[in-house]
Amino acid sequence: MTVLLHDPVAVIFCQLSLTVIFGLGAWGKFRDLEEFTGIVRNYRLLPEFAIRPVAYMMPALEAAIALTLLAGTAQPYPAMGAIVLLAIFAVAMGINIVRGRRYIDCGCFRTKLKQRLSWWLVVRNGVLMTMAGVLVLTAWSPGMMVRPVALLDVYTGTMATIVVVLFYVVLGHVLSEAPKYTYLRR
């Protein structure tokens with residue numbers, strides 16, 4: 001496990017993947033802030049006066065995290081911000097799933113997908129928090145890299161990110177298009 005935390009490919013992969021996911025999430029919300037405000041309202045966790053400010057603040061925070069992760073500056077703070085934001089999202093989803101409100105839109109990636117809540121999304125946030133945790137741990141011990149970063153590390157980390165992000169987007173589309181009903185028994 002220690003080798004993974006200090007392998008340049010793993011660090012580049014985590015950094016780029018989180019940058020793309022947070023960047024695309026922010027972009028999707030900024031495109032239609034009114035619709036996203038409705039999604040935040042639909043979670044039924046905030047008082048009415050807080051809904052609009054929170055809905056406008058979330059994509060701004062996601063964009064700030066994406067930009068600072070991409071720039072590689074101020075580590076480990078953007079990664080810690082990602083962990084906090086992802087944990088808040090996971091708790092909000094979990095509360096609504098437990099309440100039986102699975103059919104509301106998660107508002108996670110692109111608001112147009114209308115992806116309903118599921119435990120899979122909570123687990124996904126846990127995986128993303130783990131990736132951000134790799135960045136935090138690496139930032140706290142930068143002198144412990146297994147080897148210096150090489151051009152091949154950058155290429156491999158970038159290609160892995162592209163594959164995972166494409167998988168993430170496709171899976172999001174598949175889950176959003178899944179039937180919203182249960183199959184009838186024959």
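Numbers here are sequence positions counted from 1.
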| message | If the condition is salt bridge (charged side-chain N to carboxylate O under 4.0 Å, His left out), which residues does Arg102 pass it with, not counting sequence neighbours? | response | none
I need the minimum non-hydrogen distance between [X] and [Y], along with the two atoms involved.
| X | Y | value |
| --- | --- | --- |
| Val40 | Ala55 | CG2-CB, 3.9 Å |
| Ala66 | Gly23 | CB-N, 3.5 Å |
| Gly107 | Phe36 | O-CE1, 3.6 Å |
| Ala79 | Leu135 | CB-CB, 3.8 Å |

| request: Mind jotting down which residue pairs meet the side chain to side chain donor-acceptor pair (under 3.5 Å) criterion with at least one end in residues 81-94? Sequence neighbours excluded, please. | output: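 Qualifying pairs: none.
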| Does any pair with a residue in residues 83-93 pass side chain to side chain donor-acceptor pair (under 3.5 Å), and if so which ones, sequence neighbours excluded? |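 Output for this query is empty, none listed.
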Honestly curious: do [X] and [Y] fall in one hydrophobic cluster under the side-chain, below-4.5 Å linking rule?
| X | Y | answer |
| --- | --- | --- |
| Val163 | Leu16 | no |
| Met57 | Leu86 | yes |
| Leu121 | Phe167 | yes |
| Val164 | Val9 | no |

To the nearest 0.5 Å, what is the distance between [atom1] on [X] and [atom2] on [Y]?
| X | Y | atom1 | atom2 | answer |
| --- | --- | --- | --- | --- |
| Thr158 | Ile12 | OG1 | CD1 | 6.5 Å |
| Arg116 | Tyr103 | CZ | OH | 4.5 Å |
| Glu48 | Arg41 | CD | CZ | 4.0 Å |
| Leu18 | Leu70 | CG | CG | 12.0 Å |

| Taking the hydrophobic residues Ile, Leu, Val, Met, Phe, Trp and Tyr, and joining any pair whose side-chain heavy atoms are under 4.5 Å apart, which ones share a cluster with Leu33? |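 Hydrophobic cluster check, Leu33: joined to Phe30, Tyr56.
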| So which residues get pulled into Tyr155's cluster when ILVMFWY side chains under 4.5 Å apart are joined, directly or through others? | Leu152, Met159, Ile162, Leu166
Any salt bridge (Lys or Arg N to Asp or Glu O under 4.0 Å) involving [range]? Give me the pairs, sequence neighbours left out, ordered by first then second residue.
| range | answer |
| --- | --- |
| residues 85-98 | none |
| residues 153-169 | Arg147-Asp153 |
| residues 157-171 | none |

Does [X] have any side chain to side chain contact (heavy atoms under 4.5 Å, CB included) partners at least two apart in sequence or in another chain, and if so, which?
| X | value |
| --- | --- |
| Val165 | Val20, Thr161, Val169 |
| Ile21 | Leu128, Tyr168 |
| Ile83 | Met129, Ala132, Val136 |

| task | Could you go through the side chain to side chain contact (heavy atoms under 4.5 Å, CB included) check for Asp105 and Asn42 one step at a time? | result | CA-CA 8 Å; Asp105 183 11; Asn42 205 19; 5.9 Å; no
Identify all side-chain donor-acceptor contacts of residues 88-99 below 3.5 Å with residues at least two apart in sequence or on another chain.
unit_1: Asn96; atom_1: OD1; unit_2: Arg101; atom_2: NH1; d: 2.8
unit_1: Asn96; atom_1: ND2; unit_2: Tyr43; atom_2: O; d: 3.1
unit_1: Asn96; atom_1: ND2; unit_2: Ala92; atom_2: O; d: 3.1
unit_1: Arg99; atom_1: NH1; unit_2: Tyr43; atom_2: O; d: 3.3
unit_1: Arg99; atom_1: NH1; unit_2: Arg44; atom_2: O; d: 3.2

| task | Measure the shortest side-chain to side-chain distance between Met131 and Phe13 over non-hydrogen atoms and say whether it is less than 4.5 angstrom. | result |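 Yes, side chains in contact.
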| task | Give a yes or no answer on whether the side chain of Lys29 reaches the backbone of Cys108 with a donor-acceptor pair at less than 3.5 Å. | result |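 Yes, the answer is positive, given that a donor and an acceptor are paired below the 3.5 Å cut-off.
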